[in-house]
J.: 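Quick one: this structure, given as structure tokens, is what I'll be asking you about.
In what follows, chains carry the letters A, B, and so on, assigned in the order in which the sequence lines appear, proteins first and then strands, with residues in each chain numbered from 1.
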2 protein chains.
Amino acid sequence: MANRETLLKTQQVATALGVGVSTIKRWVDAGELKATRTVGKHRLISLSEALRFAGKAGHSTAALELLGLELANPILGMPHIDQDLCDRLVEALRQGRSTDARQLIHQGYIAGEGAVGLSDNLIRPVMEQIGHGWMMGSLDVFQEHEATQVLISTITELIIQVTKTQLDRNCLAIGAAPEGDHYSLAGLLGQLVLCEQGWEVRNLGSNLPLRSLALAVEEYRPRMVFLSVSYITDTDSFITEYGLFYEVASRMDVAVMLGGRALWSDLRTKLVYASFGDRMAHLAEFARRLLPSSASPRVASQSSAI
Amino acid sequence: MANRETLLKTQQVATALGVGVSTIKRWVDAGELKATRTVGKHRLISLSEALRFAGKAGHSTAALELLGLELANPILGMPHIDQDLCDRLVEALRQGRSTDARQLIHQGYIAGEGAVGLSDNLIRPVMEQIGHGWMMGSLDVFQEHEATQVLISTITELIIQVTKTQLDRNCLAIGAAPEGDHYSLAGLLGQLVLCEQGWEVRNLGSNLPLRSLALAVEEYRPRMVFLSVSYITDTDSFITEYGLFYEVASRMDVAVMLGGRALWSDLRTKLVYASFGDRMAHLAEFARRLLPSSASPRVASQSSAI
DNA sequence: TATTAAAACGTCCAAACCGACCACACGAGT
DNA sequence: ACTCGTGTGGTCGGTTTGGACGTTTTAATA
């Protein structure tokens, strides 16, 4: 499985579920909540398992609210991101039913087992479809704007909730989009992905001159910078500005991750960077390698309940 | 750092609402008060659900006790928006301490007794101060960007929280900023103010062509439109476009509220509108007059905790 | 590699919650 | 007044929870 699981500790799960740590330990021991153990007997619960447990019909939907997820009527027979979910989200956004859209996104967060699946399998195709509808004239600008607004607010909500359960944020990452690019959704999704991995993220938003980003790098000395480029005003000046920025980043030993649909492959050949990715999975994988070795704690054996 | 998703036990809710524990259990079992269950069948009631129920059932004073129950935990000085609070928020934003900034804003929301006070007495002066620092060169662009980003996410959080407790949203309002204006904070604050009054708000975001806004008005038939104008690319074309938009709005009998620092008084003489305001208090007052009969016994603040 | 602070472990127990049952208060209708 | 029907608050035995305790593991130092 390419998608390695984020592992949570008992304290994190307890906070997320709104119960005490002892209770989590008891539930794990009773087999209600599956967990692996480190060699030193510490319990590790995968994010997907926590979400599965949270959404389990008969037991407790409490957790969902705490993860920022609301399932008034938790249908979720088998949570999985599919075409149907995409279609329903597109339709909800088209009609501006923001509450429904929020619920569908939360559902996608569970089904996609985290931020990466949500971004790559739900948000991206949905926005492509909406963008397509806009091109074709079947959607108006204001519908695309409203959809973006709903997505931004929901992703922001997820970020806040995830941040709350990630207690120890060690590594610092900076996210931004360059001057002239006013698309902030990609930056938010990147922030969500990294927050979920335990990064501390400073999102500088969109439309940021690269020379100011260079200053930020010098000021904050982050471990990495992720730059989402959805639109470029002037290619030549972008290359120049980026070159100056990368010089600083390189000097400060900062990893630079590029992304965005404006960076065509022939343009990329003129840029220097640590990695490029047009999927959040790429960002996640790149970021994981940068984390201290701790990212993959040694697990001993599978849980032996009862 | 408890928030609105804090889960309450039956005893807590019973005490706050001034009824017996058995009654709470019965209400939950009857479905009148939504609750989740732990694995061990213990009922957990989210604070937002408790507040909603309290308001619906007429226990208006009880809601305050619920909040008091929240505010008792975190240490809080006297809630009041003053120069000190502004200074501390500016400093937190300057240094990018987003967690502290969020706390201060929440505190300002309580202290300012709602969205209007928060907007006019805290956010506005703070952003002016930051903008000033940027002009003077003591702040860089990225700091202003980061500050804006933190404010956006926090205001978004507040909007979601307020929306959760306001279930019966009757009147529809549309908010937007015109093409070329990428400043979205004002629109968010407006959304927060109106949500607090019980409006249903569709925020179409910034950079929206006015002709598309006209389409949205025809599609949604709102009671009012609030347009925040912080930047105008071309004054003449703006006047033209706005004229076309207002024609539609007028035909649909939609009240148009204008705001924003780009609308100087000599420009305003060339525009037709229902009202202009450069403070959220103006928007709030204007909107209140538009609401149905409701004498709107507004609770002082649907405050959230820190 | 050795050291150290923070966090998780297992165990135990008081406090709180569960469901079921009962006593009481209140209003409406033969 | 009497008797329902209904909604409330309280009690009881059994179960679940959450915090305290000293010990062990982890992760980030030096």
J.: Rounded to whole Å, how long is the line connecting atom CH2 of A/Trp27 with atom C1' of C/dA8?
T.: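 The answer, rounded to whole Å, is 18 Å.
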J.: Please round to the nearest 0.5 Å and tell me the distance separating atom CD of A/Glu32 and atom CD1 of A/Ile24.
T.: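 Answer rounded to 0.5 Å: 11.0 Å.
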J.: Mind checking the CD-OG1 spacing from B/Glu200 to A/Thr99? Nearest 0.5 Å is all I need.
T.: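 These two atoms lie 8.0 Å from each other.
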J.: How far does the helix from C/dT1-D/dA30 to C/dG29-D/dC2 bend, going by the axes of its first and last five pairs, to the nearest 10°?
T.: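 End-to-end axis angle: 30°.
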J.: When rounded to the nearest 0.5 angstrom, what is the spacing between CE in A/Met280 and CG in A/Asn121?
T.: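 Here the interatomic distance stands at 12.5 Å.
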J.: For the atom pair CG (A/Leu283) and CG (A/Leu258), what is the distance rounded to the nearest 0.5 Å?
T.: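 Here the interatomic distance stands at 11.0 Å.
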J.: For atom CD of A/Glu247, decide whether the heavy atoms of other residues, nucleotides or ligands shown that lie under 6.0 angstrom number more than 12.
T.: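 Counting neighbours around CD of A/Glu247, 12 or fewer heavy atoms of other residues, nucleotides or ligands fall under 6.0 Å, so no.
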J.: I need a per-nucleotide contact map over nucleotides 12-24 of chain C, read 5' to 3'. Cutoff is protein heavy atoms under 4.0 Å; write B for the base, S for backbone only, - otherwise.
T.: -----SSB-----
J.: Could you check whether the rings of B/Phe53 and B/Trp27 sit parallel, tilted or perpendicular, using 30° and 60° as the cut-offs?
T.: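 Ring orientation of B/Phe53 relative to B/Trp27: tilted.
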J.: What integer distance in Å separates A/Ile45:CD1 from C/dC9:P?
T.: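 It works out to 8 Å between those atoms.
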J.: Return the set of residues passing side chain to side chain donor-acceptor pair (under 3.5 Å) with A/Asp120 (not counting sequence neighbours), or none when no residue passes.
T.: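 Testing A/Asp120 for side chain to side chain donor-acceptor pair (under 3.5 Å), a comparison that skips the adjacent residues, returns none.
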J.: Take B/Thr23 and A/Gly20, find for each the nucleotide of DNA chain D with the closest heavy atom, and name the residue whose nucleotide sits nearer the 5' end.
T.: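 Looking at the nearest nucleotide for each, B/Thr23 comes out on the 5' side.
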J.: Hey, which of B/Asp29, B/Thr10, B/Thr36 is the one that makes side chain to side chain donor-acceptor pair (under 3.5 Å) with B/Arg43?
T.: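 Of the listed options, the one satisfying the test is B/Asp29.
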